[in-house]
Amino acid sequence: MAKNKSIESKEDFFDRVYKIVALIPLGKVTTYGAIAEVCGIKSSARTVGWALNGAKNSNLPCHRVVNRFGALTGKLHFENPDLMKELLESEGVEFDSDGNVLMGKYLWIPKLK
DNA sequence: TGACTGACCAACA
DNA sequence: CTGTTGGCCAGTC
């Protein structure tokens, strides 16, 4: 290892994403950019998706995470894409005609304290 | 070991 | 306005 990259760095990053996603209140949704920003990697919303890629294996409500448009981009990676919408609807989240979440009402921005 | 890809966002032409 | 490129981070081939 030419350079010490703080082995805990990546784990810490993932852990942060997991924590934030787990903090999403019921009936609310958040965006990748928001999570990335809170995680401190606002410039890397992509990595947030990767974190969720592993989070989908966890009990985290990744279905509450949508892109900036409120579209369920990651639903295709779900075992049951329909389940994602079902869960959100079950939580009281409404969708637009395009199938996008009403960000103006259900958009929840996580904040670190 | 190097390069590409990936559930994104934003800026620039 | 639309199209393309850049950027970031991590994982996989």
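Order of the sequence lines sets the chain letters (A, B, ...), proteins ahead of strands, with each chain counted from 1.
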- May I have the distance from A:N67 (atom CG) to B:dC9 (atom C1'), rounded to whole angstrom? 10 Å
- Note on the structure: Between CZ of A:R68 and C1' of B:dA11 the distance, given in whole Å, is 14 Å
- Task: Check for a donor-acceptor pair, side chain of A:N67 on one end and backbone N or O of A:A71 on the other, with a separation under 3.5 Å.
- Result: yes
Kindly give the atom pairs (protein nitrogen or oxygen, nucleotide nitrogen or oxygen) under 3.5 Å for nucleotides 4-7 of chain B.
| from | atom 1 | to | atom 2 | distance (Å) |
| --- | --- | --- | --- | --- |
| B:dG6 | O6 | A:R46 | NH1 | 3.0 |
| B:dG6 | N2 | A:W50 | NE1 | 2.8 |
| B:dG6 | N3 | A:W50 | NE1 | 2.3 |
| B:dA7 | OP1 | A:H77 | NE2 | 2.7 |
| B:dA7 | O5' | A:H77 | NE2 | 3.2 |
| B:dA7 | N6 | A:L52 | O | 2.5 |
| B:dA7 | N6 | A:N53 | N | 3.2 |
| B:dA7 | N3 | A:Y32 | OH | 2.7 |

- Task: Return the set of residues passing side chain to side chain donor-acceptor pair (under 3.5 Å) with A:E86 (not counting sequence neighbours), or none when no residue passes.
- Result: none
- Task: Using a cut-off of 6.0 Å, state whether more than 12 heavy atoms not belonging to A:N57 lie near its atom CG.
- Result: yes
- Message: Could you tell me if the side chain of A:L72 sits less than 4.5 Å from the side chain of A:F95, heavy atoms only?
- Response: yes
- Quote, to the nearest angstrom, the C1' distance that separates C:dG3 from B:dA7. 22 Å
- Measure from CD1 on A:I35 to C1' on B:dC8 and round the result to the nearest Å. 11 Å
- Whether over 12 other heavy atoms sit under 6.0 Å from A:K75 NZ: no
- Note on the structure: Partner of A:H63 under side chain to side chain donor-acceptor pair (under 3.5 Å), picked from A:K56, A:K85, A:E91, is A:E91
- Message: Without decimals, in angstroms, what is the distance between A:R16 CZ and C:dA10 P?
- Response: 10 Å
- Message: Among C:dC8, B:dC9, C:dG11, which nucleotide has an atom closest to any side-chain atom of A:A45?
- Response: B:dC9
